[in-house]
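I have placed the structure first, in the form of structure tokens, so that the comments after it can refer back to it.
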Amino acid sequence: VTGEAPSFQSVMLNGETVNLEDYRGKPFILHFWASWCPFCKIEEGSMTEIQKEWPMLSVAYQSGNKDEVTKHMQERKIESWPTIVDKDNRLGDLFGVKGVPTSYIIDGNGNIRFAEVGLTSGWGLKARLWWVDKFKK
């Protein structure tokens, strides 16, 4: 998926409703991960650091129900991540996710500017977020 990000509305683990329009105005990262993915675990520290500086929305991709995802996140100490449970892969299908981790950098106008599939560096993602913020279309 490229260009304008698909519009969606979902419920996060904390019960709040979220949609793409909630992130208008500043670049953010939409991060698909899975509890069963070893590369996702490697990226956890980077994603936690990115979240301190940039808006992030994580998507637990085919990782079980709300209780299973919550337990996993507590065990991995990533419960601070704003997270959607995508048990049946509807959001993943909407964004064309074929594997995890997959991260989309979406600009303040709702356009996908970068897509990273597979293990990537935190500094690389931060650089892309910075670039999108400084060089708006």
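Sequential numbering from 1 along the given sequence is applied to the chain's residues.
Counting only heavy atoms from C-beta outward, the side chains of M47 and W33 never approach each other to under 4.5 Å. Proximity of E21 to S7: side-chain heavy atoms (C-beta onward) are separated by under 4.5 Å at one or more points. Side-chain contact check for V117 versus K98: every heavy-atom pair is 4.5 Å or farther apart. When side chains are defined from C-beta on, M56 does not count as touching F28, because their heavy atoms never get closer than 4.5 Å.
The distance from the CG atom of N111 to the OG1 atom of T2 is 10.0 Å, given to the nearest 0.5 Å. Taking CG from L13 and OG1 from T70, the interatomic distance works out to 4.5 Å, rounded to the nearest 0.5 Å. Rounded to the nearest 0.5 Å, atoms CH2 (W131) and CG (D107) are 10.0 Å apart. Taken from CZ in R76 to CD1 in I78, the straight-line distance is 7.5 Å, to the nearest 0.5 Å. With rounding to the nearest 0.5 Å, the separation of OH in Y61 from SG in C37 is 10.5 Å. L91 contributes atom CG, which lies 8.0 Å from atom CG of L57 (distance to the nearest 0.5 angstrom).
S58 and T83 make their closest contact through OG-OG1, 2.6 Å (heavy atoms, listed as atom of the first residue, atom of the second, distance). Heavy-atom minimum distance, G124 versus S121: N-OG, 3.0 Å. What you find for D86 and G92 is that their closest heavy atoms are OD2-N, 2.7 Å. Across all non-hydrogen atoms, the minimal contact from V85 to G64 is CG1-O, 3.3 Å. When all heavy atoms are compared, the tightest approach of I50 to L129 is CG2-CD1, 3.9 Å.
K52 and E49 are joined by a salt bridge, as a carboxylate oxygen and a charged side-chain nitrogen come within less than 4.0 angstrom of each other. A salt bridge is defined here as a Lys NZ or Arg NE, NH1 or NH2 lying under 4.0 Å from an Asp or Glu carboxylate O, and E68 with K87 fails to meet this definition.
Few gaps surround NZ on K26; more than 12 heavy atoms of other groups in view lie less than 6.0 Å from it. Around atom CZ of R90, no more than 12 heavy atoms belonging to other residues, nucleotides or ligands sit under 6.0 Å away.
In terms of modelled atom types and a separation under 3.5 Å, the side chain of E43 and the main chain of C40 share no donor-acceptor contact. Formation of a donor-acceptor pair under 3.5 Å by the T48 side chain with backbone atoms of S46 is not found in this model. With hydrogens and angles ignored, the 3.5 Å screen pairs no side-chain donor or acceptor of S10 with any backbone N or O of I84.
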Would H72 and W36 count as a ring pair (Phe, Tyr, Trp, His ring centres under 6.0 Å) if you check the C-alpha gap in whole Å, the side-chain angles of each, and the deciding distance to 0.1 Å?
-> CA-CA 10 Å; H72 172 80; W36 43 265; over 10 Å; no

How far apart are the C-alpha atoms of R128 and E116, what are their side-chain angles, what is the distance that settles it, and do they pass the salt bridge (charged side-chain N to carboxylate O under 4.0 Å, His left out) test?
-> CA-CA 10 Å; R128 286 169 179 81; E116 297 292 326; 2.8 Å; yes

Using the side-chain contact (heavy atoms from CB on, under 4.5 Å) rule, take E16 and V11 through it: C-alpha gap first, then chi angles, then the decisive distance, then the call.
-> CA-CA 6 Å; E16 292 180 23; V11 177; over 6 Å; no

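Ring geometry for Y104 versus F32: interplanar angle over 60°, hence perpendicular rather than tilted (30 to 60°).
Stacking of K126 on the aromatic ring of W54 is not recorded, the 6.0 Å distance cut-off and the 45° axial limit not both being met.
When each of T102, V59, I112 is paired with F95, the side-chain contact (heavy atoms from CB on, under 4.5 Å) condition holds for I112 and for no other.
For the 3.5 Å distance criterion, the side chains of H31 and S103 qualify, holding a donor opposite an acceptor.
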